[in-house]
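Sharing a structure below in structure tokens format, with a few things to ask.
Here is the naming used below: chain letters follow the sequence lines, and residue numbers restart at 1 for every chain.
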There are 2 protein chains.
Amino acid sequence: MSESANHSIYFVPGLQRGLRVLEILGAAAEPMSLSDIAREMELSRSSAFRLVYTLRYMGFIKEAEQKNTFTLGARVLNLGFAYLNQLPITSIARPHLAALRDKTGVSTHLSVLEGHDVLYLGSHQARTGFVSNMVTGTRVDAYASAIGWCLLSSLDEAELAAFCEGLAMPAKTEHTPTSVAELRARVDQVRADGHVFSRGFHEPGGSSVAVPVRDHTGKVVACVNISGPDSGFDFDRIDTFYVPETRACALRISRELGYGGPG
Amino acid sequence: MSESANHSIYFVPGLQRGLRVLEILGAAAEPMSLSDIAREMELSRSSAFRLVYTLRYMGFIKEAEQKNTFTLGARVLNLGFAYLNQLPITSIARPHLAALRDKTGVSTHLSVLEGHDVLYLGSHQARTGFVSNMVTGTRVDAYASAIGWCLLSSLDEAELAAFCEGLAMPAKTEHTPTSVAELRARVDQVRADGHVFSRGFHEPGGSSVAVPVRDHTGKVVACVNISGPDSGFDFDRIDTFYVPETRACALRISRELGYGGPG
DNA sequence: GGGATGCGTTTTGCATCTAAAACATCCGCA
DNA sequence: TGCGGATGTTTTAGATGCAAAACGCATCCC
């Protein structure tokens, strides 16, 4: 613990402590008293009193039903959702995708589900060799794409059924699922593995690793994938390098979106 | 402005200012520089520097792409989310709202009264078509909203008068009540009907059904509503389907809160 | 080129925020 | 009832956060 250690003379301890009060109250299952807070923070009651006084006055915490105990106030909600509203997932993802491209040497992409399509939001092209033709704004059918299976992987039975309702599923390659049951099997596989590695699904001689990105509710909101010609991959290191790196990249983006679950 | 005026000797100014920095960054459309923040807060740059230093170190704000400008960081999201999770009503209502969404095919929302605002606590979006822009954390003026009228419907004469005290009521649309008497008429109507059906009150081409949720004392504590574009509704079945389903959903939530009165 | 402006950062003396200690309540228990 | 301990609040000496001023560095503009 003790994230303090006030390294710098520029620190404002009152601010740091006040925010810790908010986080502690947020993590607590029940309303806390002044003394509870002071104990938890290893702080004098008088100091805790001043922090609580200020936070209560500002509406960031409020008295619970039981006298002299406190919970978070509605005003904290504004902060969290102001953050969400100004969240362009593309700008959050950009540096991570660039880093993944530099580390793996192959092209990286971010995509989301738009209706029944996978929509490419942005790419970072490999610096050498083959250049993917998947550019920003491209759409492909979700049911027929490994990325699509990733994007559908947080849907439950009913939601997946609704997605498939009235959906024509012509076979595009030998890998294309052509029924709801087959699609569900693919999606379940993603859920179990946490990623998809595909070789030659879309184009002969091309491979790809795709991993879901989740938001603060755990819902899949986007997909990170790397792709390139077989010549760009070292196939001995798929499981030891490409997959873990891509997963780590997706997790970093998920964390910035507030995802708190397991990797 | 100046919500300061540091009334009490117990105030922690550093905390108050730091939280204002977060709110200002949350309200800002673009990343702000240190000087922007100092100007906005009417504070010396050196003080702003110390606040920004502390907040950045803690992860509550982060540098934007452009050097020396800042936006909210992911850590603020945890606060808002913690607040939502602590409200028992949100977890009680969640499955019911999801079921109502599945049954009606349109988006469902839960909201409460916060001061003079309607505060949206959670939504379940329709699976297809139009997606509402009313998302969690959104606030709208209660007097000017059908949901607001629901939330005010258990207030008696005196409480409603107190609510209106000093309240400016500019007309937002032709449906907006602009006097206490008009607002009271709306609220009385909700009390008599037990629900509100509105068409085009907020946005042209959008419709909504709102129903109050009551706690064990019979007091209105929240509001369930369904909303969507006119194209998402079957207008022949408003009274025979949408209204009774929404009422049934609200009643189920009320029952779980201990409400024993009539539906 | 130069001087003017605006920026982020550092310094520093003074004002003020902090926290130990004292005080005032409250509660449980015998 | 009276004691013991825990709580919320106030006081106050002294540590320390604050902001004016200074600094160094960009950028701009005639």
Side-chain angles (χ1 to χ4, degrees), chain A residues 1-25 28 30-73, chain B residues 1-25 28 30-73:
Chain A
M1 278 302 123
S2 91
E3 63 175 307
S4 44
N6 284 14
H7 289 26
S8 161
I9 61 165
Y10 298 126
F11 249 91
V12 182
L15 175 54
Q16 182 182 31
R17 293 195 192 125
L19 288 167
R20 276 196 67 211
V21 170
L22 291 181
E23 292 196 313
I24 285 172
L25 279 178
E30 310 237 318
M32 294 175 77
S33 72
L34 186 73
S35 295
D36 291 337
I37 296 168
R39 250 192 311 274
E40 183 87 14
M41 297 186 65
E42 299 177 15
L43 209 63
S44 69
R45 291 200 313 273
S46 55
S47 294
F49 175 75
R50 306 174 80 255
L51 297 171
V52 165
Y53 185 99
T54 304
L55 290 170
R56 178 172 40 172
Y57 182 86
M58 294 186 73
F60 284 95
I61 68 177
K62 65 177 181 218
E63 258 195 316
E65 298 179 33
Q66 191 186 344
K67 275 288 172 209
N68 288 326
T69 67
F70 302 93
T71 61
L72 291 180
Chain B
M1 278 305 123
S2 93
E3 64 174 308
S4 43
N6 283 13
H7 290 24
S8 161
I9 60 165
Y10 297 127
F11 249 91
V12 181
L15 175 55
Q16 181 183 31
R17 293 190 192 130
L19 289 167
R20 276 197 66 209
V21 170
L22 292 180
E23 293 194 314
I24 285 172
L25 280 178
E30 311 237 315
M32 294 175 79
S33 71
L34 185 70
S35 295
D36 291 337
I37 295 169
R39 251 192 310 274
E40 183 88 15
M41 298 186 64
E42 299 177 15
L43 209 63
S44 68
R45 275 175 314 176
S46 57
S47 293
F49 175 75
R50 306 172 83 255
L51 298 171
V52 165
Y53 186 98
T54 304
L55 290 170
R56 178 172 40 173
Y57 182 85
M58 294 185 73
F60 284 96
I61 68 178
K62 67 177 182 214
E63 259 196 318
E65 298 179 34
Q66 191 185 343
K67 274 288 174 213
N68 288 326
T69 67
F70 302 93
T71 60
L72 292 181

query = Side chain of B:S46, base of D:dA21: donor and acceptor closer than 3.5 Å?
reply = no
inquiry  = Expressed as a whole number of angstroms, how long is the span from B:R56:CZ to C:dG8:P?
reply    = 11 Å
message = Once you measure the plane-to-plane angle for B:Y53 and B:F49, does it fall in the parallel (<30°), tilted (30-60°) or perpendicular (>60°) bin?
response = tilted
inquiry  = Tell me the interatomic distance from B:F11, atom CZ, to D:dG17, atom C1', rounded to whole angstroms.
reply    = 17 Å
ask   = Rounded to the nearest Å, what distance is computed from the CD atom of residue A:Q16 to the P atom of nucleotide D:dG17?
value = 11 Å
message = If you only use heavy atoms from C-beta on, which nucleotide in C:dT10, D:dG8, C:dC17 is closest to the side chain of A:N68?
response =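 That would be D:dG8.
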task = Specify the residue among A:L34 and A:V12 whose closest nucleotide of DNA chain D lies further upstream toward the 5′ end.
result =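 First, find each residue's nearest nucleotide; the 5'-ward one identifies A:L34.
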task = Rounded off to whole Å, could you give me the NZ-to-P distance for the A:K67 and C:dC27 pair?
result =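 Nearest whole value for this atom pair: 13 Å.
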remark   = From CZ of B:F49 across to C1' of D:dC23 the rounded distance in Å is 14 Å
ask   = Atom OH of A:Y10 and atom P of C:dG8: how far apart are they, to the nearest Å?
value = 14 Å
message = With heavy-atom distances below 4.5 Å as the criterion, would you say the side chains of B:L34 and B:N68 are in contact?
response =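 No, their side chains stay 4.5 Å or more apart.
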query = Pick the nucleotide of DNA chain D nearest each of A:R39 and A:G14; which residue has the one closer to the 5' end?
reply = A:R39
task = With heavy atoms under 4.0 Å as the rule, sort A:S35 into base, sugar-phosphate or nothing.
result =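 Counting heavy atoms under 4.0 Å across all strands, the contact made by A:S35 is with sugar-phosphate only.
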query = Just by distance, do the side chain of A:E63 and the backbone of A:F70 share a donor-acceptor pair under 3.5 Å?
reply = no
ask   = What's the CD1-P distance between B:I37 and C:dG6, to the nearest Å?
value =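 Rounding to the nearest Å, CD1 of B:I37 and P of C:dG6 are 19 Å apart.
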inquiry  = How many whole angstroms separate atom CG of A:L15 from atom P of D:dT16?
reply    =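 Rounded to whole Å, this separation is 18 Å.
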ask   = Just checking, any donor-acceptor pair under 3.5 angstrom between side chains of B:S33 and B:S35?
value =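 Result is no, nothing qualifies.
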